[in-house]
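None of these values were measured; they are calculated from a predicted model.
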Amino acid sequence: MKFRAVVFDFDGVLIDSEIVNVEAGARGFAAFGYSLTQEDRAVILGRHSYDYTKIFQQRLGFEKLIIEPLRQKINEEYDRMFGSFIRLKPGVKEIIEFLKARGVQLSIATGNELKNVKIFIHKFGFEDVFDYFTTFEDVTRRKPDPEVYIIAKEKTGIPTEQTIAIEDTEIGVEAVKGAGLVCVAIPTENTKVHNFSRADYVFNSIQEVEKLFI
């Protein structure tokens, strides 16, 4: 089988940004008098503040009235830290160059916002790399719902069996497989305890993706 397209998740796959996501959440909750536990922090991984605050609202009994100010505070902290704190994940530049040299179509599918994807693009000089973006603004349901990958698949115009999606979380894998795409999981230090049994391939690093194109 010859793969012709790769759809990258953003946070945790292309960039090391979960520290921003988790820390912004922690600072937001702290402003409202709640200190996140390690278990709480694990809930945030791979999720947008819109989604994980709903989970905490149910778990902690927060009134609906407090959720919007809480989200606003979290998002302010996230925006303040994002551009300065993000780093490329090891091997990303090399795998992008490898795939582009082979004419593989590259795109991003993420629950993050387009403005943050643009910050990433400009910060690391990837202006002419990606063919399509599917972001927070494009969907009404986020991972583990497959909507973001269904939309990404439609944008690529390439058969699902020839399209790889790369994820780093269990809910991301669920979204990819729900859309019928071939899934590569690359667990991070934070997500290595997740269940990746539904992934078609589980690699230790993004460089291993090369094996699928040789």
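Environment of CD in E127: crowded, with over 12 heavy atoms of neighbouring residues, nucleotides or ligands closer than 6.0 Å. Atom CD1 of I55 has more than 12 neighbouring heavy atoms from other residues, nucleotides or ligands inside a 6.0 Å radius. More than 12 heavy atoms of other residues, nucleotides or ligands sit less than 6.0 Å from atom CD of E137.
Across all their heavy atoms, A109 and V148 have their closest contact at CB-CG2, 4.0 Å. Among all heavy-atom pairs drawn from K143 and T110, the shortest one is NZ-CA, 4.3 Å.
For the pair R142 and F136, the cation-pi test (distance below 6.0 Å, angle within 45°) is failed. Relative to the ring axis of F196, R198 does not place its NZ or CZ within 45° and under 6.0 Å from the centre.
Between the E77 side chain and the K73 main chain, no donor and acceptor come within less than 3.5 Å of each other.
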So T191 and D168, side-chain hydrogen bond (donor to acceptor under 3.5 Å, both in side chains) or not? Walk me through it. CA-CA 7 Å; T191 66; D168 69 307; 4.6 Å; no

Apply side-chain contact (heavy atoms from CB on, under 4.5 Å) to the pair V6 and I166, showing each step before the final yes or no. CA-CA 7 Å; V6 173; I166 304 177; 3.7 Å; yes

The test is side-chain contact (heavy atoms from CB on, under 4.5 Å); show your working for N112 and T135 and say whether it passes. CA-CA 6 Å; N112 210 323; T135 63; over 6 Å; no

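Taking a cutoff of 4.0 Å between a charged side-chain nitrogen and a carboxylate oxygen, K155 and D138 qualify as a salt bridge. Using a 4.0 Å cut-off between a side-chain N of Lys or Arg and a carboxylate O of Asp or Glu, E189 and K192 qualify as a salt bridge. Here D40 pairs with R59 in a salt bridge; the nearest charged N to carboxylate O distance falls below 4.0 Å. With respect to the salt-bridge test (charged N to carboxylate O, under 4.0 angstrom), the residues K100 and E97 do not qualify. Salt-bridge check for E76 with R80: failed, with every basic side-chain N at 4.0 Å or more from each acidic carboxylate O.
In this structure, the ring of F120 has its center no less than 6.0 angstrom from the ring center of F82.
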